[in-house]
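The structure appears right after this line, and notes come after that.
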Amino acid sequence: MATGPEAPSDGEPSGGSRTRGRGRRTSVATRLGLAAVVVALVSITVTLGVGLGSGEDVGNELADERLSAVRGSAVIAVQLLLSDWRSDATILAAGPATADAVIAFAEAYDEIEPPTAQQLDTVTDWYQQELLPELAAARGATPSLSSVLPDSSAALTLQAVAIGVRSDGSENGSDDDPIDLSGIDEWLAASDEFGEFFDQAAERLALVDVLLVDSSNRIVYSAARGPDLGTDLRSGPYGGSEVARLALSTRLEPGAGPLLGDIAPYAPIADRPAAAAAAPVVGADGEVVGSLVVVHEGADLDEVVGPVDAADLAPLGRSGQNVVVGADGIVRTDLRAHEESPEEFLDVATDTGALDADGAARIEAIGTTATVIELDPAILTAADSSDAPVEITDSVGRRVEAFVADIGDPDLNWRVVSQILVAEVDAATRDYRNDVIRISAVGLLVLSLLAVAWANRLIRPVRLIGDRLDRDVDPRELTEAVERGPVEFGRLADDFTVMQDRLDEQRRDVEAAD
């Protein structure tokens with residue numbers, strides 16, 4: 001006779017097999033939550049990959065556009081500066097009294113007497129004590145006195161007076177050591193009549209010097225009254241310089257207009273970089289009577305391409321800079337790393353082999369890298385592909401990304417290089433990538449928690465239905481959960497309720513029959 005279900009053994013609750021089955025399997029809520037997390041992870045991964053790729057491309061394009069724009073601005077700034085240099089020479093050379101001044105100084109120069117013993121001692125002492133040590137520091141070797149001493153007796157007399165005036169500050173001299181002004185009476189008269197105009201022009205335009213060169217190639221007047229005063233540019237100690245070339249060229253081809261010279265070491269200021277511009281001086285009869293040369297500090301170029309100021313160089317970041325380089329690959333400007341920390345720059349440059357001991361000593365003496373440091377030869381050909389950046393090695397061996405452009409000047413074969421460290425460009429991209437990854441990780445964590453909470457809430461009615469079969473849940477709690485759940489769960493709960501009611505009725509019938 002059937003005796004009904006076997007009674008559970010001691011220690012095993014009713015429905016124990018069902019409980020064990022639940023423990024061995026993963027719940028529906030866990031599966032739903034896991035599925036949601038996996039879907040979110042895949043979506044975020046794909047989105048992250050696409051976003052990082054496109055973001056890095058956009059970041060690199062923006063960096064290139066920024067660098068290209070900076071280069072364009074620097075080119076315009078250099079062109080404007082060169083135009084100003086030409087204008088300075090043109091305006092001063094075309095002055096109403098400039099031709100008369102050249103003629104007067106040239107005639108007075110011919111009347112200058114040879115130097116007295118005192119004047120000769122003054123010149124030689126100053127050269128040996130002042131100029132030669134400065135030139136030795138800049139050149140790495142001490143030049144001979146004869147190589148820099150003027151070979152014209154008139155120039156020696158002029159320079160003796162100029163040295164005396166510079167040392168004393170006036171033309172009156174002191175009671176103990178009066179300045180010897182003998183032998184240059186006519187030149188002093190011409191200076192009194194014309195010199196003030198050129199002196200004021202040099203001061204107003206912040207020029208190193210204004211030179212008047214006569215038709216015999218002699219510097220008959222110098223606003224700075226430096227070591228080149230009175231010298232012959234064709235055969236004197238400063239022959240072959242940019243100043244000599246420009247002065248001669250403007251007289252031979254006056255129709256060519258003003259000419260610009262390259263930035264080069266300028267001996268009268270101890271080989272510091274300087275740039276010259278020259279224009280012909282034409283007399284009232286249309287004849288060229290000489291030339292006028294203006295000399296500018298090479299540092300003027302540094303100011304227009306970008307001083308080392310955090311605000312001014314913001315578009316170039318922490319390591320970016322604009323550099324002007326000549327056709328020989330040698331820079332014409334001071335490098336940012338040197339201007340910010342000269343000692344550190346020299347140490348690194350010598351350690352990497354970019355500089356030898358003589359080059360480092362010269363930079364230290366003249367205070368700038370201009371005319372000393374040579375850049376990567378790739379710079380010389382990079383201007384042909386000016387729309388695309390190039391990667392080159394900078395002066396201290398670092399990899400930089402650079403845009404190069406020719407300034408397009410008829411006299412100067414210069415290029416403007418706007419560069420920034422590749423490491424800094426990569427760092428910006430890397431920071432962007434890390435930020436995106438961190439944000440995505442936080443987003444994934446939040447989505448995971450939300451997915452688990454959502455799955456638990458979604459499956460709660462099913463769990464309650466199962467517990468209701470074990471009579472562990474109040475029917476009202478089940479009703480409330482089902483009403484908030486999907487309609488399918490409501491129908492399932494109704495079916496289980498009907499089934500349970502029938503089971504209860506059958507049990508009662510069995511009990512009554514027993």
Side-chain angles (χ1 to χ4, degrees), residues 81-110 155 158 162 187 190-234 236 238-264 266-269 274-298 300 410-412:
L81 177 68
L82 299 183
S83 177
D84 289 343
W85 287 356
R86 284 190 174 92
S87 297
D88 292 343
T90 301
I91 293 171
L92 291 178
T98 302
D100 294 338
V102 172
I103 294 172
F105 278 115
E107 292 175 350
Y109 187 93
D110 292 331
L158 275 178
W187 191 91
S191 179
D192 291 339
E193 182 178 358
F194 300 104
E196 185 177 1
F197 169 77
F198 300 106
D199 295 348
Q200 290 180 352
E203 182 178 358
R204 186 175 64 255
L205 298 175
L207 302 173
V208 173
D209 207 351
V210 176
L211 306 175
L212 297 182
V213 184
D214 69 1
S215 58
S216 298
N217 226 43
R218 301 172 300 185
I219 298 178
V220 294
Y221 185 77
S222 164
R225 296 169 180 81
D228 51 356
L229 175 61
T231 60
D232 188 328
L233 289 177
R234 182 176 288 113
Y238 305 117
S241 65
E242 279 291 282
V243 171
R245 182 183 68 81
L246 293 174
L248 180 60
S249 298
T250 52
R251 291 200 310 277
L252 295 178
E253 298 182 18
L259 297 178
L260 283 178
D262 205 339
I263 289 180
Y266 188 48
I269 52 173
V281 177
V282 182
D285 57 358
E287 294 293 327
V288 177
V289 297
S291 57
L292 181 140
V293 181
V294 293
V295 182
H296 294 265
E297 278 273 15
D300 293 350
D411 294 332
L412 301 174

Is the backbone N or O of W187 less than 3.5 Å from a side-chain atom of S191, with the two atoms forming a donor-acceptor pair by type?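 Absent.
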_Selection residues 191-213 - residue pairs positive for ring pair (Phe, Tyr, Trp, His ring centres under 6.0 Å), sequence neighbours left out_ =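 Counting only pairs at least two positions apart or across chains, no ring pair (Phe, Tyr, Trp, His ring centres under 6.0 Å) contact touches residues 191-213.
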Can you give each donor-acceptor pair under 3.5 Å made by side-chain atoms of residues 91-110, sequence neighbours left out, with the distance rounded to 0.1 Å?
{"unit_1": "T98", "atom_1": "OG1", "unit_2": "L92", "atom_2": "O", "d": "2.6"}
{"unit_1": "Y109", "atom_1": "OH", "unit_2": "S152", "atom_2": "OG", "d": "3.1"}
{"unit_1": "Y109", "atom_1": "OH", "unit_2": "G230", "atom_2": "O", "d": "2.6"}
{"unit_1": "D110", "atom_1": "OD1", "unit_2": "R218", "atom_2": "NH1", "d": "2.9"}
{"unit_1": "D110", "atom_1": "OD1", "unit_2": "R218", "atom_2": "NH2", "d": "3.2"}

Heavy atoms, side chains only, cut-off 4.5 Å: are [X] and [Y] in contact?
X    : Y    : answer
V213 : L233 : yes
L207 : H296 : yes
Y238 : Y266 : no
W85  : P258 : no

Pairwise distance [atom1]([X]) to [atom2]([Y]) - rounded to 0.5 angstrom:
X    : Y    : atom1 : atom2 : result
D88  : R204 : CG    : CZ    : 9.5 Å
N217 : S291 : CG    : OG    : 7.0 Å
L260 : R86  : CG    : CZ    : 4.0 Å

Quick check on side chain to side chain contact (heavy atoms under 4.5 Å, CB included): which of V293, L248, T231 does V243 satisfy it with?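 Option passing the side chain to side chain contact (heavy atoms under 4.5 Å, CB included) with V243: V293.
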### Message
If you apply the rule side chain to side chain contact (heavy atoms under 4.5 Å, CB included), what do you find for L259 with R245, and how did you get there?
### Response
CA-CA 10 Å; L259 297 178; R245 182 183 68 81; 5.5 Å; no
- prompt: Checking side chain to side chain contact (heavy atoms under 4.5 Å, CB included) for the pair L292/L212: CA distance, chi angles, key distance, verdict?
  reply: CA-CA 5 Å; L292 181 140; L212 297 182; 3.6 Å; yes
*Begin from the C-alpha positions of D209 and D228 and carry the test side chain to side chain contact (heavy atoms under 4.5 Å, CB included) through to its verdict.*
CA-CA 10 Å; D209 207 351; D228 51 356; 4.0 Å; yes
Mind running side chain to side chain contact (heavy atoms under 4.5 Å, CB included) on R225 and D199 for me, showing each step along the way?
CA-CA 10 Å; R225 296 169 180 81; D199 295 348; 3.2 Å; yes
